[in-house]
Structures are given as C-alpha cells and as structure tokens.
Q: 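Right, I'll just put the structure down here and ask away after.
Counting begins at 1 with the first residue of the sequence. Only a predicted model underlies this, so the values are computations on that prediction, with no experimental measurement involved.
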Amino acid sequence: MDTKESKTAQEEFEHLKEVRMPEDYEHPEPDALQPEARRPAKGWHWLLLATAVLAGAFLIYRLLSAAWV
C-alpha cells in the first residue's frame with residue numbers, strides 16, 4: 001500500500017526548486033525549525049575541557065607516583 005501523499009503540480013515545482021537551488025555558504029542561516037542551531041553553546045565545552053585536563057593530570061600523577069615506588 002502506497003502511503004505517500006500526492007503533490008499538486010505547484011507543490012512539486014516548489015520542491016524541485018528547493019532541491020535544485022545551491023546552498024548559500026556565504027550567508028548561512030540556521031533552519032527555523034531547529035532553534036537549537038541558533039543558540040550559542042552554554043559552556044559545556046569548557047566543562048568538557050576542564051574534565052579532560054583533570055583526568056590527564058590525575059593519570060600523570062598516578063604514573064609518576066607508581067614510578068617512585
């Protein structure tokens with residue numbers, strides 16, 4: 001059973017026009033349906049960086065303390 005909705009000639013034309021139009025890389029705009037694309041990061045990258053630095057410092061400490069024993 002075919003569940004596709006049939007498109008009118010105008011809808012088909014609009015669809016083809018959107019598909020064939022090249023993307024504007026000089027003036028990118030976030031999709032209106034994706035509000036998360038418009039929001040800046042809320043600092044999670046800093047938390048990730050701090051966690052990675054702390055984990056690296058802990059591993060170096062453990063390796064150096066094991067070498068002294």
Q: Quick one: list whatever passes side chain to side chain contact (heavy atoms under 4.5 Å, CB included) with L47, sequence neighbours left out.
A: W44, T51

Q: Just to verify, what does L54 make a side chain to side chain contact (heavy atoms under 4.5 Å, CB included) with, not counting sequence neighbours?
A: none

Q: Taking transitive links into account, so neighbours of neighbours count too, which hydrophobic residues share a cluster with L63 at under 4.5 Å side-chain distance?
A: none

Q: Running the 4.5 Å side-chain criterion over Ile, Leu, Val, Met, Phe, Trp and Tyr, what cluster does L59 land in, apart from itself?
A: none

Q: When clusters are formed from ILVMFWY side-chain contacts under 4.5 Å, directly or step by step, what else is grouped with L49?
A: W46, V53

Q: Hey, what do you get for NE2 (H15) to OG1 (T8), rounding to the nearest 0.5 Å?
A: 12.5 Å

Q: Could you work out, with side chain to side chain donor-acceptor pair (under 3.5 Å) as the rule, every residue matching E12, not counting sequence neighbours?
A: none

